[in-house]
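Before any comments, here is the structure.
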Amino acid sequence: MRLRCRLRLLWVIPFLLSLVLLAGCEETPTGRSQLALVPDTLMARMGGDAFDQLRQRQPVSRDAAVNRRVQCVARAVVAAAEARYPAADRPEAWEVVVFEDPSPNAFALPGGRIGVHAGLLRVAETPAQLAAVIGHEVGHVLADHGNERLTQQLGIKAVLLLVGLFGEGELGQQQLMQALGLGARLGISLPFSRAHEEEADLMGLAIMARAGFDPQASVALWRNMAEAGGGQPPEFLSTHPAHGSRIEALQDAMGEAEAAYRATTPADCAG
Ligand SMILES: [Zn+2]
């Protein structure tokens, strides 16, 4: 009797999982299917809170020239990103802040908060190279990568919780394997960081070109990054694809980006 009851309960897990998958499977701006189940308003609030905390801990750059250059590039990049990916959910407002930090880094938080370290300006030598980094960060936001990553982490925890509640011993183990197998087939239990970085690279390339920055500068930027890191890559690159493969992927998409660049008015953020 107990076994039959447990078997009946085990049906609930795949049923719930398939409901969740049907409800939440979406496409990123580049057409990759994605599971991002956390409500956008919640993601934006979490991103905003984290950004506010950072701003309290970390001094903001008061260098007028640096701020002017970063804001000029960011304005052009954000406008181009929204025009290039009109179907993507965009944040209510974008906010780009330069932090007083010597490391060549940049980051994006859900809700459109982008942080640029002052040290990035040593490596991103031209406005176009800066546009490659900011375009990449805007790509992470528009493709909802933060939500996807959190969904993955919560999803794995939810499966473990369900298995813990409804199944014990051998049966529970079997159910867990099934759940993880299902996850693997759908690609949701694989590490996403590399796929995210590659997608953000390609979106960033398309965005910078549309914003009027020479897309070839992206290749120069990643070369500078590699040099700046020496043997030890900067933090920004630690989860990123190897330089060789990322430059190759950029070059594969360069033809299209150059055509888009030629069709726009070049941006002017040199001042
Ligand atoms: Zn990235």
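Whatever order the structure lists them in is the order used to number ligands and atoms, beginning at 1.
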Got a sec: is E197 within less than 2.8 Å of the Zn ion (ligand 1) via an N/O/S atom?
->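 Checking E197: at least one N, O or S atom is under 2.8 Å.
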With a cut-off of 2.8 Å, does H196 place any N/O/S atom under that distance from the Zn ion (ligand 1)?
->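 No, H196 does not qualify, because none of its backbone or side-chain N, O or S atoms lies under 2.8 Å.
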Do R32 and E27 meet the salt-bridge criterion of a basic N to acidic O distance under 4.0 Å?
->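 No.
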Dump the intermediate steps for side chain to side chain donor-acceptor pair (under 3.5 Å) on H117 and E100, then the final yes or no.
-> CA-CA 6 Å; H117 288 185; E100 206 51 81; over 6 Å; no
In this structure, are over 12 heavy atoms from other groups packed under 6.0 Å from R122 atom CZ?
->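 More than 12 heavy atoms, drawn from other residues, nucleotides or ligands, come within 6.0 Å of this atom.
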Proximal heteroatom of H140 relative to the Zn ion (ligand 1) (N/O/S) |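 Looking only at N, O and S atoms of H140, the one nearest the Zn ion (ligand 1) is named NE2.
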Do E199 and T30 get their side chains close enough for a donor-acceptor pair, meaning under 3.5 Å?
->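 There is such a pair between these side chains.
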